[in-house]
Amino acid sequence: MSTYRDLAHRGSARATVLRTVGTRERRSHLTAPRVNTVGIDIGGTKVMAGVVDPDGNILETLRTETPDKSKSPKVVEDTIVELVLDLSDRHDVHAVGIGAAGWVDADRNRVLFAPHLSWRNEPLRDRISGRLAVPVMVDNDANTAAWAEWRFGAGRGEDHLVMITLGTGIGGAILEDGQVKRGKFGVAGEFGHMQVVPGGHRCPCGNRGCWEQYSSGNALVREARELAAADSPVAYGIIERVKGNVPDITGPLITELAREGDAMCVELLQDIGQWLGVGIANLAAALDPSCFVIGGGVSAADDLLIGPARDAFRRHLTGRGYRPEARIARAQLGPEAGMVGAADLARLVARRFRRANRRRVERYERYERYAEARRTNDRTSQGTQ
């Protein structure tokens, strides 16, 4: 009588080939199913959700305010589920990707820490997937934005890419050969907390002199407000614009005035850009990528910021003049990058989900064939007795 082990062994050569192909496929986005998925981008002020097609086109977007960080994690999870269910009423959704502003563990399940939310070691993927009928992927929002720029934006065609997101602070991500490098514990890319000025400005992380204290939206606004509060003659333009109300000075206002030619605002963006270039040169020494993509809200200043960054990068680059220089480009996808990247990464989860279902079906079919062979053998044995 043939045993189940014997039946399974007959296809072992083919199974080896399939396992090899499966391993290779898991390394590439090219084999992901061409299905619509939902991307979620969670920040300190908003939750944005959108249905994205396989080519990175946004079919529909929903936005809502982020629940207050003092509320329980379940409140934010309820918001995510409501947005997904709302979108699934009008679209066929196969998976959900979530880009969270915080540290996500290497298994992409738990949000270890989120500065703007009350998530501390929160099993976000399991919580959300337990309430939805589709697989869920969770990653850091800078990773999802970098993935989107690599797939559909400024980083297309690059094998080694580093993304830097300039917002309230500085976030970052590393992509090599089509893979996001998350590090052993999942928290790689926190470039904003590299120390660039020993004993410098105090950072909310607890250290002093972090890069984001010199090249970020917070740094830009801090410098402008200090000059305005001191009633500096160079700040008269911005003081007049806010009618003397210093707290009304914001990053977008500084960028607007710089475009209009305000000398102080132009100088402040140059300062931020120069510090940006210094940090990029340090990253080039460590990582040697072919391209740096600059995203986040502050990147809206475009050449007012990126021009000085390129100049400072060339001045501070190790081995300058004797090595190729990485390209520095502004991100193309804007504030939707994190959402688009999360949705696209979720397609890989959808593929694995479908493959897992297929394997379960195949195992069941093999067992049925084995069982039928055993029943036939038993009937044959009884007939000869």
Side-chain angles (χ1 to χ4, degrees), residues 142 145-146 148-150 152-158 160-173 175 191-192 194 196 211-225 227-228 234-235 237-238 241 249-285 287 289-317 320-321 323-338 340:
E149 291 291 341
W150 176 70
F152 310 112
R156 281 175 293 183
E158 300 288 352
H160 294 76
L161 177 148
V162 170
M163 183 160 187
I164 299 164
T165 56
L166 302 178
T168 302
I170 294 180
L175 271 83
F191 306 139
M194 298 186 303
V196 295
W211 187 25
E212 69 176 39
Q213 292 304 304
Y214 299 87
S215 185
S216 67
N218 270 358
L220 180 67
V221 172
R222 181 193 66 227
E223 296 295 315
R225 287 180 178 177
L227 286 168
V234 300
I238 200 166
R241 180 64 68 93
I249 296 176
T250 63
L253 175 60
I254 297 169
T255 299
E256 179 186 342
L257 288 174
R259 289 194 178 118
E260 294 174 3
D262 183 281
M264 183 199 77
C265 293
V266 170
E267 183 178 335
L268 289 178
L269 282 168
Q270 288 175 341
D271 290 344
I272 296 297
Q274 287 171 5
W275 278 113
L276 175 60
V278 170
I280 291 175
N282 290 339
L283 290 173
L287 303 173
S290 59
C291 177
F292 288 95
V293 176
I294 313 301
V298 183
S299 69
D302 207 359
D303 278 345
L304 289 167
L305 173 83
I306 295 179
R310 290 192 180 109
D311 293 339
F313 170 68
R314 295 188 185 102
R315 288 197 308 272
H316 293 275
L317 180 63
R320 50 193 173 276
R323 60 178 289 175
E325 291 185 7
R327 181 169 66 95
I328 299 176
R330 183 191 169 194
Q332 294 179 357
L333 301 183
E336 287 82 20
V340 171

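Just so it is clear, the values below take in all heavy atoms, side chains as well, and ignore hydrogens, waters and symmetry mates.
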Mind checking the [atom1]-[atom2] spacing from [X] to [Y]? Nearest 0.5 Å is all I need.
X: Ile328; Y: Asp311; atom1: CD1; atom2: CG; value: 9.5 Å
X: Asn218; Y: Ile272; atom1: CG; atom2: CD1; value: 10.0 Å
X: Arg314; Y: Arg320; atom1: CZ; atom2: CZ; value: 13.0 Å
X: Arg259; Y: Cys265; atom1: CZ; atom2: SG; value: 12.0 Å
X: Leu304; Y: Leu268; atom1: CG; atom2: CG; value: 11.5 Å
X: Ile280; Y: Phe191; atom1: CD1; atom2: CZ; value: 10.5 Å

To check you understand the geometry: which heavy-atom pair defines the closest contact between [X] and [Y], and what is its length?
X: Ala284; Y: Phe313; answer: CB-CE1, 3.9 Å
X: Ala142; Y: Gly172; answer: CB-O, 3.4 Å
X: Ala301; Y: Thr255; answer: CA-CG2, 3.8 Å
X: Ala173; Y: Ala146; answer: CB-CB, 3.5 Å
X: Leu253; Y: Ile249; answer: CD2-CA, 4.3 Å
X: Gly296; Y: Ser299; answer: O-OG, 2.6 Å

Sequence neighbours left out, what passes ring pair (Phe, Tyr, Trp, His ring centres under 6.0 Å) with Tyr214? Give chain and number order.
-> His201, Trp275
Determine yes or no for a side-chain-to-main-chain donor-acceptor pair under 3.5 angstrom, with [X] supplying the side chain and [Y] the backbone.
X: Thr165; Y: Gly171; result: yes
X: Glu149; Y: Ala154; result: yes
X: Arg327; Y: Cys291; result: no
X: Glu212; Y: Ile170; result: yes
X: Ser216; Y: Gln213; result: no
X: Arg225; Y: Arg222; result: no

Is Met163 close to Trp150 at the side-chain level, that is, under 4.5 Å between some pair of heavy atoms?
-> no
side-chain hydrogen bond (donor to acceptor under 3.5 Å, both in side chains) with Glu267: which residues, sequence neighbours excluded?
-> none
Name of the residue among Leu287, Leu276, Val162, Ile306 meeting side-chain contact (heavy atoms from CB on, under 4.5 Å) with Phe292 | Val162
Passing candidate, side-chain contact (heavy atoms from CB on, under 4.5 Å) with Arg241, options Asp262, Leu257, Ile254 | Leu257
Stepwise side-chain contact (heavy atoms from CB on, under 4.5 Å) test for Glu325 and Leu317 = CA-CA 8 Å; Glu325 291 185 7; Leu317 180 63; 3.8 Å; yes
Step by step, work out the side-chain contact (heavy atoms from CB on, under 4.5 Å) result for Leu227 and Ile238.
-> CA-CA 10 Å; Leu227 286 168; Ile238 200 166; over 6 Å; no
